[in-house]
Amino acid sequence: MTSFFTSKIFPILLVNFIGILGYSLVIPILIFIVTDFGGNGFVYGILGATYPFFQFIGAPILGRLSDKIGRKKVLIISQTGTFLAWLLFLLAFLLPETTLWEQNTTLTGSYMMTLPLIIIFLARIFDGFTGGNVSVANAYMSDISTDEDRNRNFGRMGASTSLGFVIGPAFAGLLASTFMGEVLPLILAAIISLIAIFVINFRLRESVPCIVDTGGVSIKNVRRFFQVEHKDCFTEGSETLQSENGNGWLRVLKIDGVPLLYLVYFLTFFGFSLFYAGLPIYANSILGWSAIDLGIFLAYSSGIMILVQGPLLSAVSKKISSETLVLLGAVLLTVSFFLLSRPDTTVLYIANTLLSLGNGLMWPSFLTLLAGIGNQKTQGSIQGYGTSMGSFASMLGLIIGGTLFETITTTVFFMGACIFLTIAILMLFQRYRHARLHRLQGA
């Protein structure tokens with residue numbers, strides 16, 4: 001156990017955990033904040049889509065930047081943006097609830113757009129644009145992993161994510177029930193983001209081999225922060241290859257296997273966005289759950305995923321390929337989304353269990369496949385554009401999910417089931433393609 005805490009992957013796992021913990025604190029209470037300030041399910045869906053839309057713009061920029069100036073500095077930039085965004089979010093609670101406009105249509109439902117809601121939108125915009133920490137953290141993990149331990153390392157990354165989702169929603173429900181209401185979880189999220197900045201600066205070592213870590217952050221010298229020193233570590237011809245191929249969007253798509261994996265990336269985030277858009281509205285309007293009930297439900301899901309992404313995935317990944325695990329996870333997710341439409345607590349927890357098993361097996365295995373493509377000079381771009389695909393899908397899914405739930409309610413979850421069934425079919429095609437290539441090479 002001691003060797004794990006001193007291993008090279010522990011700092012990035014800690015950074016990932018802290019970041020997810022701060023983010024997940026707000027998930028169970030956001031729908032209540034939106035409705036308290038005059039919004040409805042439509043506004044909640046648009047607000048949820050704001051973050052991934054601007055992440056769609058910012059993630060590729062930060063990903064490419066991390067290839068040039070290093071992962072560590074870009075993680076600091078991203079986490080600083082998150083901290084400032086939480087401060088802006090808190091500002092909304094200090095402003096008067098002035099109504100800027102009202103609307104009541106068949107498409108949008110009835111809502112009021114107030115001044116605090118506008119400030120919350122601005123906070124999500126700022127956080128989204130600087131929110132490339134996930135793609136950069138995945139690129140960092142790819143940098144320090146080998147073919148032998150990549151699946152296990154990404155399983156641990158997934159487990160650290162799930163652990164953040166266990167503690168965050170559970171704490172949010174409890175903190176929101178205090179006299180400070182939803183403000184206390186937001187204050188804690190801001191504090192956690194500030195802690196993450198110091199962890200990155202003092203615990204994380206630069207992982208890009210051709211960049212020398214130029215030291216800690218100096219707020220007195222911003223120019224020095226963006227300066228880098230390069231080692232002479234390129235082999236003969238590698239610099240020419242880099243200049244010819246580049247890391248642009250079209251050139252990344254030419255890498256074998258990337259288009260299919262990006263399609264799976266898009267569909268996965270689109271399907272889960274329907275879930276995250278519909279579940280809080282479902283819990284609030286149909287099930288009559290409180291923030292504590294929703295927090296417990298999400299914490300239970302993350303607890304299952306910790307077990308799956310930790311010991312279970314480490315064991316099965318030695319015997320089962322990543323492609324097969326993605327396929328199996330997609331099938332479990334298909335079944336779980338079909339069950340989610342039943343407004344029965346027991347059935348919902350069964351669906352939640354299957355969803356957690358499927359997600360726990362599928363996502364780390366998928367990240368392993370994506371991390372096995374390219375090299376350390378291109379992983380930042382590959383992960384950045386991948387995150388951008390996921391962000392674009394999240395934007396669409398949250399808008400569509402929030403809007404459709406107002407009219408078709410739980411039928412939204414059937415749409416999610418069809419999406420994950422499509423992913424399962426795509427992975428079957430991928431397995432067939434690889435098996436055919438293997439037979440041709442053998443012949």
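In this text the structure is predicted, and so the values were computed from the model without any measurement.
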Mind checking whether [X] and [Y] have ring centres under 6.0 Å apart?
| X | Y | value |
| --- | --- | --- |
| F392 | F270 | no |
| Y262 | F266 | no |
| F275 | Y282 | no |
| F126 | F54 | no |
| F10 | F17 | no |

Measuring from [X]:[atom1] to [Y]:[atom2], what's the distance to the nearest 0.5 Å?
| X | Y | atom1 | atom2 | result |
| --- | --- | --- | --- | --- |
| W86 | I192 | CH2 | CD1 | 10.0 Å |
| I423 | T268 | CD1 | OG1 | 3.5 Å |
| I125 | T50 | CD1 | OG1 | 6.0 Å |
| L333 | S356 | CG | OG | 9.0 Å |
| I76 | L204 | CD1 | CG | 8.5 Å |
| M113 | I46 | CE | CD1 | 9.0 Å |

Heavy-atom check, side chain of R203 versus side chain of I200, under 4.5 Å: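 Sidechains of I200 and R203: no contact.
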Side chain to side chain contact (heavy atoms under 4.5 Å, CB included) involving V335 - partner list, sequence neighbours excluded: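 Here the qualifying residues are L339, L354.
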Contacts of type side chain to side chain contact (heavy atoms under 4.5 Å, CB included), residue I187, not counting sequence neighbours: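 With sequence neighbours excluded, I187 shows a side chain to side chain contact (heavy atoms under 4.5 Å, CB included) to L90, M180, V183, I191, given in chain and number order.
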Residue Y349 excluded, over 12 heavy atoms near OH under 6.0 Å: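 Above 12, so yes.
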Over all atoms of both residues, closest heavy-atom pair of R205 and Y140: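 Of all heavy-atom pairs spanning R205 and Y140, the closest is O-OH, 2.7 Å.
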Qualifying residues under side-chain hydrogen bond (donor to acceptor under 3.5 Å, both in side chains), relative to S365, sequence neighbours excluded: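 So S365 forms no side-chain hydrogen bond (donor to acceptor under 3.5 Å, both in side chains) with any residue.
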Side chains of T35 and Y44, donor plus acceptor under 3.5 Å: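 There is no such pair (donor and acceptor under 3.5 Å, judged by atom type) between the side chains of T35 and Y44.
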Side-chain donor or acceptor of S78 paired with backbone N/O of V74 under 3.5 Å: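 Checking the backbone N and O of V74 against the side chain of S78, no donor-acceptor pair under 3.5 Å is found.
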